[in-house]
Amino acid sequence: MSASNRPVRVRFAPSPTGYLHVGGARTAIYNYFFAKAMKGTFYLRIEDTDRKRYNEEALHDLLRDLRWLGLQWDEGPDCEGDVGPYFQSERLDIYAREIKKLLDSGNAYYCFCTEERLQEVRAAQEKSGAVVTGYDRHCRNIPREEAEERIARGEKAVIRFKVPETGITGFDDLIRGHIEYQNELLDDLVLIKRDQYPTYHFASVVDDHLMGTSHVLRGDEWISSTPKHVLLYKAFGWEPPVFCHLPVILAAGGGKLSKRKGAASVGDFRDLGFLPETLVNFLALLGWNPGDDREVMTIQEMIDVFTLERINPKAVAFDEKKLQWMNGQHIHQADEKFLADYMVKGLEAIEIKTSSFSEDYILAVVKLLKNRAHFLTDLPIMASYFFTTPKTFDEKAKTKNWGAGSRAIAQSVRKALEPLTEFNASSIEQAFHALAESSGLRLGDLVGAVRLAVSGVSAGPGLWEIFELVGKQNVLSRILDAEPLMEP
RNA sequence: GCCUCCAUCGUCUAGUGGCCCAGGACUCGGGAUUUUCAUUCCCGCAACAGGGGUUCGAAACCCCUUGGAGGUACCA
């Protein structure tokens, strides 16, 4: 059975060395979408073969962020499948067994070259302007017995792959087509490091085969090492998976996306108040489209129409403006109970108590606010006056709304509202209209001063709705208390 | 340096030889609605990198140039 018609098994294989950045997240998203679209398996493999850069906290954050995005793996850490372990550091015996096959078949050899010698070789190549660079194959022909004797005597060695010196190695990339490299330009890469850990190249090939990977979807920085991987599959006599290299995500102005240029990690965006649905939607659309004009989509809607063929080969820029717009769209559609919980947590964080308010009241506040929020973090900020009397008033709004004559207006509004027995949006609106008529003032002249008095700010939901929720007693007393601050 | 990949509005994209003097979305500008701010709705600005081919016909196919990205580690 060839790789392309095997059951779909794909993986996300991060290295726990730092935070999950958006590029990695998108790779995970495409793997997840493809697995779900094809009714296949999405597994998570931790590539922790670099002991120097290994970071326990990074691993923890990685799993948390992946789950937050909703990309739950079918197999991997915390949910072992049949082909584990899922941590490469726990598979050392497997790599030892597999490297022996390559040593036995003459496809790999021990190399005793020191770091210093390698540097000298590289420097000499640079100086002479040599076309063929890389390791000079100095140890390629040391007989196996001699090498093993030297190791027995305590010499340290790495194991390198014996790459063919001539010929062409090619592969078919699913979104770029056929790609070829001259073998003479490939050097004898290291398979097993001095510390006995495998390199990425060796471990990923062995694992992808042993763990049944059908398609490798990974960043396009791997394109140039793919021919070496193909050669490795061939040396083992294994069928390579289908390769699909994803374009990079660039910063808005071009160049690498980095913390310096703004938020770059999944955790950053979560803290900023983005919904996971937004991030997944936006990242998926960065380089992929559903084939029609839809943009704001649910994860399920995207999975339903997801195909690898619609991924673009072009590198893309990360436009945060559009992300923000999209977050607003997703907040409009978000579950109100979820938004309410987020809002309540945010309010409590700034010490505004909500426990004396009913769930219905809190939900009503959310309904009023959600269409004007671009970030989840906007919610508690905009909601404070529904739960507590404003302690400060927006300075700019004060000069604009509490100028000459405002106190009289506030008083007349208060008097117009006092007799209301039903205090709801429509009765309040009627009272305002009646007051406008009797006073000869426009509605716009009537609302500014009392809006500021009741909410502390000049912008927000419709005034009638605010008043209804805040309640008659609170509205009247807030206006009364603010009157001395207004000009007569 | 060498190898590889990429190239449509500022940004994300549609486009698989005639439906394209190029469509959608974000941004930006204007307008409508309105009790404020948003939302929403209309209208508008704005692109096939350049040069050669192929073809009756090219944004689409080929070549070159230019520009961008990646690789060239005992990191992934």
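Values below: every heavy atom of this structure, side chains too, minus hydrogens, waters and symmetry copies. Within every chain, numbering begins at 1; the chains are lettered A, B, ... in the order of the sequence lines, protein sequences first and strands thereafter.
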Under 4.0 Å between a side-chain N or O of A/N312 and OP1 or OP2 of B/A7? no
Q.
For the CD atom on A/E180, are there more than 12 heavy atoms of other groups (residues, nucleotides or ligands in this structure) within a distance under 6.0 Å?
A. yes
As its Watson-Crick or G-U partner within any shown strand, both distances under 3.5 Å, B/U66 has B/A7
Rounded to whole Å, the CD1-C1' distance (A/I466 to B/A38) equals 12 Å
- Task: Kindly say if A/K193 contacts the phosphate of B/C75, meaning a side-chain N or O under 4.0 Å from OP1 or OP2.
- Result: yes
Separation of B/U40 atom C1' from A/N371 atom CG, nearest Å, is 9 Å
For the residue pair A/D207 / A/S204, report whether a side-chain donor-acceptor contact shorter than 3.5 Å exists.
no
The Watson-Crick or G-U wobble partner of B/U36, with both key distances under 3.5 Å, is none
Per atom distances to the A/S224 side chain, the nearest of B/C26, B/C74, B/G71 is B/G71
Between B/A14 and A/N289, is there an OP1 or OP2 to side-chain N/O distance shorter than 4.0 Å? yes
Check your understanding: Is a salt bridge present between A/D188 and A/K162, judged by a nitrogen-to-oxygen distance below 4.0 Å?
Key -> no
| request: Select base, sugar-phosphate, or nothing to describe what A/G462 touches, counting heavy atoms under 4.0 Å on all strands. | output: base
From CG of A/D188 across to C1' of B/A73 the rounded distance in Å is 14 Å
Span that lies between the C1' atom of B/A46 and that of B/C61, in whole angstrom:
28 Å
Per atom distances to the A/L286 side chain, the nearest of B/G70, B/C2, B/C12 is B/C12
Using the C1' atom as the point on both nucleotides, what is the distance between B/C63 and B/G44, in whole Å?
40 Å
- Could you check whether A/V158 gets within reach of a base, just the sugar-phosphate, or nothing at all, counting any heavy atom under 4.0 Å? base
Taken to the nearest whole Å, CG/A/L369 to P/B/C37 is 17 Å
query = So what does A/Y181 hit on the nucleic acid, given a heavy-atom distance under 4.0 Å: a base, only sugar-phosphate, or nothing?
reply = sugar-phosphate
Report task. Could you tell me whether a side-chain N or O of A/T377 sits under 3.5 Å from a main-chain N or O of A/L272, the two making a donor and an acceptor? Result -> yes
task: Tell me whether the OP1 or OP2 atom of B/U35 has a side-chain N or O from A/R442 closer than 4.0 Å.
output: no
Applying a 4.0 Å non-hydrogen cut-off, can you work out what A/G287 is touching in the nucleic acid: base, sugar-phosphate, or nothing?
sugar-phosphate
Checklist line | C1'-based separation of B/U72 from B/U11 [nearest Å] | finding: 32 Å
Separation of B/C41 atom P from A/H332 atom NE2, nearest Å, is 10 Å
Using a 4.0 Å heavy-atom cut-off across all strands, classify A/G134 as base, sugar-phosphate, or nothing.
nothing
What is the nucleic acid contact for A/P461, judged by heavy atoms within less than 4.0 Å: base, sugar-phosphate only, or nothing? base
Margin query: Within the 4.0 Å heavy-atom criterion, would you say A/Q329 contacts the bases, only the backbone, or no part of the nucleic acid?
Written below: sugar-phosphate
Exercise for review: Pick base, sugar-phosphate or nothing for A/E47, based on heavy-atom distances below 4.0 Å to the nucleic acid.
Suggested key: sugar-phosphate
Of B/U35, B/G24, B/U72, the nucleotide closest to the side chain of A/R451 is B/U35
| request: Mind checking A/L118 for me? I need base, sugar-phosphate or nothing, with any heavy atom below 4.0 Å counting as a touch. | output: base
Closest to the side chain of A/V316, out of B/C12, B/C74, B/U35, is B/C12
Answer for the Watson-Crick or wobble partner of B/C61, both distances under 3.5 Å, is B/G53
Review point. Distance check: side-chain N/O of A/Q324 vs OP1/OP2 of B/A25, anything under 4.0 Å?
Key: no
Regarding the side chain of A/H201, the nearest nucleotide among B/U72, B/A76, B/A25 is B/A76
Atom CG of A/D195 and atom P of B/A76 are separated, to the nearest Å, by 9 Å
| Main-chain N/O of A/A124 paired to A/S128 side chain as donor or acceptor, under 3.5 Å | yes
Result for side chain to side chain contact (heavy atoms under 4.5 Å, CB included) between A/L246 and one of A/N312, A/I311, A/D220, A/L308 points to A/I311
By nearest-heavy-atom nucleotide on RNA chain B, the more 5' of A/D220 and A/W288 is A/W288
Worksheet item: For atom P, what is the distance between B/C9 and B/C2, given to the nearest Å?
Response: 29 Å
In terms of heavy-atom contacts, A/I99 and A/I192 come closest through CG1-CG1, 3.8 Å
| task | Under 4.0 Å between any heavy atoms, over every strand shown, what does A/R176 touch: base, sugar-phosphate, or nothing? Just pick one. | result | sugar-phosphate
Looking only at heavy atoms, the pair that brings A/A425 and A/E468 closest together is N-OE1, 2.8 Å
In whole angstrom, give me the gap between the P atoms of B/G17 and B/A58. 14 Å
Out of B/U11, B/C75, B/C74, minimum distance to the side chain of A/A317 belongs to B/U11
*asked:* If the cut-off is 4.0 Å, is A/T49 near the phosphate of B/A76, judged by side-chain N/O to OP1 or OP2?
replied: yes
With hydrogens left out and only the distance checked, is there a donor-acceptor pair under 3.5 Å joining A/W325's side chain and the base of B/U27? no
Mate of B/G44 across any strand shown (Watson-Crick or G-U wobble, both atom pairs under 3.5 Å) is B/C28
Closest of B/U72, B/A73, B/G10 to the A/D319 side chain is B/G10
Of the candidates B/U11, B/C74, B/U36, the side chain of A/R372 sits closest to B/U36
Worksheet item: Quantified in whole Å, what is the C1' atom distance between nucleotide B/U40 and nucleotide B/U34?
Response: 11 Å
So what does A/R294 hit on the nucleic acid, given a heavy-atom distance under 4.0 Å: a base, only sugar-phosphate, or nothing? nothing
* Pick the P atom in B/A7 and in B/G15, then give their distance to the nearest Å. => 13 Å
Check your understanding: A/K156 near the nucleic acid: base, sugar-phosphate alone, or nothing, with a heavy-atom cut-off under 4.0 Å?
Key -> nothing
Exercise. Base, sugar-phosphate, or nothing for A/L285, non-hydrogen atoms under 4.0 angstrom?
Worked result: sugar-phosphate
- Quick one: do A/E165 and A/R140 make a salt bridge, cutoff under 4.0 Å? yes
query = Base, sugar-phosphate alone, or nothing: which one does A/E429 contact when heavy atoms must sit under 4.0 Å apart?
reply = nothing
Sorted by chain and residue number, the ring pair (Phe, Tyr, Trp, His ring centres under 6.0 Å) partners of A/F432 (sequence neighbours excluded) come out as A/W464
Side-chain contact check for A/L185: nearest option of B/C3, B/U35, B/A76 is B/C3
Walking RNA chain B from its 5' end, the first of A/H374 and A/A157 to be reached, judged by nearest nucleotide, is A/H374
(Q) What's the gap between B/A60 and B/C48 when it is taken at their P atoms, as a whole Å value? (A) 12 Å
From the candidates B/G70, B/G1, B/C12, the one with an atom nearest any side-chain atom of A/K322 is B/C12
Any A/K314 side-chain nitrogen or oxygen under 4.0 Å from OP1 or OP2 of B/U8
yes
Given B/G15, is OP1 or OP2 found less than 4.0 Å from the side-chain N or O atoms of A/R310? yes
